[in-house]
2 protein chains.
Amino acid sequence: MAPKTKATIADVARAAGVSTATAGRVLGGYGYTSEAKKEQVLKAAQNLGYRPNALARSLITGTTRTIGVVAGDIQNPFYASVLRGISNVAEANGFGLLITNSDEVQSKEVHSVELLAQKQVDGLIVTPSDTRRARHLHNLRSMGVPLVLIDRAVAGLMVDRVATDNIAAAEQAVRYLIAAGHRRIGIVAELVDEESGGLNAFLTHAIAGDPIESETLYPSWQRLLGYIRAHRIEGLPVDPRLTLRAGSYSAIAAQEIVPHLMTASDPPTALFTTDGTMSEGAMRALSELKLKIPQDLSLICFDDLDWMSFHRPGITTVAQPRLAMGEAAARMLLERIRGEDYPPRTVLMPAELVERGSVARL
Amino acid sequence: MAPKTKATIADVARAAGVSTATAGRVLGGYGYTSEAKKEQVLKAAQNLGYRPNALARSLITGTTRTIGVVAGDIQNPFYASVLRGISNVAEANGFGLLITNSDEVQSKEVHSVELLAQKQVDGLIVTPSDTRRARHLHNLRSMGVPLVLIDRAVAGLMVDRVATDNIAAAEQAVRYLIAAGHRRIGIVAELVDEESGGLNAFLTHAIAGDPIESETLYPSWQRLLGYIRAHRIEGLPVDPRLTLRAGSYSAIAAQEIVPHLMTASDPPTALFTTDGTMSEGAMRALSELKLKIPQDLSLICFDDLDWMSFHRPGITTVAQPRLAMGEAAARMLLERIRGEDYPPRTVLMPAELVERGSVARL
DNA sequence: CTCATATGTGAGAACGTTCTCGCTAAATTT
DNA sequence: AAATTTAGCGAGAACGTTCTCACATATGAG
């Protein structure tokens, strides 16, 4: 029944009494074959338990029907959802998914991209960990490997990209807080990479309303920018002491920094956390400080994580369409793989402010 | 600099003025080569931007350095963590990861396994969606493809397996509740597949203490068994009305069923939820019912999800070593791929009861 | 000096497919 | 009736590697 050794197309051909070419035609579904031989071959294949070797096929067709993904960390709900979105459309189109983690470390990302390229993926979806140095990605482009960026852009790399409209999303959230009467609003953001001149320089520029090249900013910087814009629009000053930088993409970092803000002399009445991880860290800190939400502190988070809906009170949050982002990215990539030749597209997806009970009116 | 077309080993050989065999030797790092030629070849490869084609290599070596994973749903924190564990050891050993979702649907799982097998993965890690019908997995074994099962077993399929010791874990949690004075303890479990005779027959058998073949039980049934054993050990009767079956692996199902229990005439004083998804659904329901934990209801969950630690009160839970499970599975698989030939091993990992504040002493 | 061993090299087969070509026979058009 | 097209099939060349072999050359032992 189940054969001990794998059967090749030649074995099937021999068993069916035809040439490998004919066997290949019926098994591969290309070219002409008579009904009679088709049945013979199919029966022989069935008996031998023939399973096509995708490697050999890919070697000659030049396509693997596999797409490579470099995510930051599969375990992170953001990436997990994005991946699921990618997986959905990949699967629907008969594509496999080769997934790696970069941990937001450039060297790992380079290594991953190299691995995936060697495995001859038909295209890549990457969340670049460095928005400037990206030789490996430029290199891919010059080799003609389709590439789609998620969540972040790379300066000078003109490729398809899908991201959240971070500035608008943050601006909306912060204006919502201001509309509720809040005047001192804290923000806790990752802000991992030094923008030229650092946080202070960025703040003074942004507060002054200087034009800022925001496209290639990291998402957390974009969200900070939205925070600042909301203040400017509403005619409110920005107090730099209210802008908290975690400095790394970790909940612990957020958790450690929040207490400084809340135990200071003039604490904020509302807090805005700029992504799921920061939200989690902040929640840990607030929980330990035994602060009541929203009585002691109003809160708007970023990313709609499971617990935010059943937490009491419900957490008002900016929901990114994570699944849809993954799906959009995969669809764009598949179009490129099919050879469609648009100019590079940027899809900015709107985030939705989900109102729950974590914001008090002052 | 960056070449427009991909260079093959033959191109490199030509440029270096050696044979493809020699070029292959230095590039592939096998056999003898003189220092002089080695340098020539390396330089030529550098100039041409040579990137080895893993497909061609795999076709001849018969190994792809890729392992396939069939998970239920990447988006689910349980699978996300397990996957991360797998990824960690795979990456450390230079293996790639081909990941698919089965959504716990048998037909999708079969399809995934077939896809991965065609792509010639060196081995598979699967969370089987059906513990009985698994022809595709038996088939893999007979073809000599290494296979490791996670979380569940398949009747009659003797392969390496890693899972949580669900019975012991549930027993410990429920005994903990009993020790705290609880006498009416509800359980909300998935229990998706009809065990022979259904839930009632299972209950009567288990309560009577009949020997039960527990190895191939689905995790939720095992945890129910642990719940029953705890009652038996402590000399407490099991009230079938307290055993809630969600019937599907979804938070919504759990959310819908919990209110029936809590608004009944004789509600439990404590609740045990048997996995992360059930916990989430139950929390939703409890939140809507505005029940205070632990004053109105004590609670022990399964799986240590992020929010459980900063929820107020903290949620006491049975923490599965999800990451370690993935790592263990990957390590076992790699051993098999290397050709090590033990008899099939089952690794039952202990879960840890994390005490927080969701259990009241009566 | 001869024989064995280690080091180095290239020609060409192999891996399992798809693809190109040439050949037949039948069907259709001119 | 001749000319073309179409269906059907097989031989054998690709794809880009690794691997096996045969053959050098150098080194050292006896």
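Below, read A as the first sequence line, B as the second, and so on, with proteins coming before strands; counting in each chain starts at 1. Keep in mind that the numbers below use all heavy atoms, side chains included, and drop hydrogens, waters and symmetry copies.
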**Study point:** Heavy-atom closest contact (Tyr50(B) atom, Thr8(B) atom, distance)
**Key:**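 Tyr50(B) and Thr8(B) have their closest heavy atoms at CE1-C, 3.7 Å.
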Applying side-chain hydrogen bond (donor to acceptor under 3.5 Å, both in side chains), can you list everything that pairs with [X], at least two apart in sequence or on another chain?
X: Arg141(A); value: none
X: Asn101(B); value: Ser87(A)
X: Asn93(B); value: none
X: Thr346(B); value: none

Keeping to residues at least two apart or across chains, list the salt bridge (Lys or Arg N to Asp or Glu O under 4.0 Å) pairs with something in [range].
range: residues 96-112 of chain A; value: Asp103(A)-Lys108(A), Asp103(A)-Arg84(B), Glu104(A)-Arg152(A)
range: residues 40-50 of chain A; value: none
range: residues 153-164 of chain A; value: Asp160(A)-Arg336(A), Asp160(A)-Arg345(A), Arg161(A)-Glu215(A)

Point to revise | chain B footprint on DNA chain C, 5' to 3' - any atom under 4.0 Å from a heavy atom | key: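 Both ends considered, the range comes out as dT7(C) to dG16(C).
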Point to revise | Estimated bend of the helix from dC1(C)-dG30(D) to dT30(C)-dA1(D) (axis per five terminal pairs, rounded to 10 degrees) | key: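 Between the first-five-pair axis and the last-five-pair axis there is 40°.
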Check your understanding: Which pairs count as side-chain hydrogen bond (donor to acceptor under 3.5 Å, both in side chains) when at least one residue sits in residues 54-65 of chain B, sequence neighbours excluded?
Key ->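 Matches after skipping sequence neighbours: Thr63(B)-Asp122(B), Thr64(B)-Asp122(B).
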Point to revise | Residue pairs passing the side-chain hydrogen bond (donor to acceptor under 3.5 Å, both in side chains) test where at least one lies in residues 20-39 of chain A, sequence neighbours excluded | key: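 Qualifying pairs, neighbours excluded: Ser19(A)-Thr22(A).
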Practice item. Between Pro52(A) and Ser19(B), just flag the one whose closest nucleotide in DNA chain C comes earlier from the 5' side. Key: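 Whichever sits nearer the 5' end wins; that is Ser19(B).
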**Study point:** Nearest-Å distance for atom pair NZ/P, residues Lys37(A) and dA7(D)
**Key:**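 Spelled out: NZ on Lys37(A) to P on dA7(D) is 17 Å.
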Check your understanding: Rounding to a whole Å, what distance do you find between Gln40(A):CD and dC9(D):C1'?
Key ->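 The distance from CD of Gln40(A) to C1' of dC9(D) comes to 12 Å, rounded to the nearest Å.
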Point to revise | Near-strand residues of residues 25-35 of chain B, defined as heavy-atom separation under 4.0 angstrom from DNA chain C | key: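 Within this stretch, Arg25(B), Tyr32(B), Thr33(B), Ser34(B) sit under 4.0 Å of the strand.
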Check your understanding: On DNA chain D, nearest-nucleotide positions of Ala56(A) versus Ala21(A): which is more 5'?
Key ->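 Between the two, 5'-proximity favours Ala21(A).
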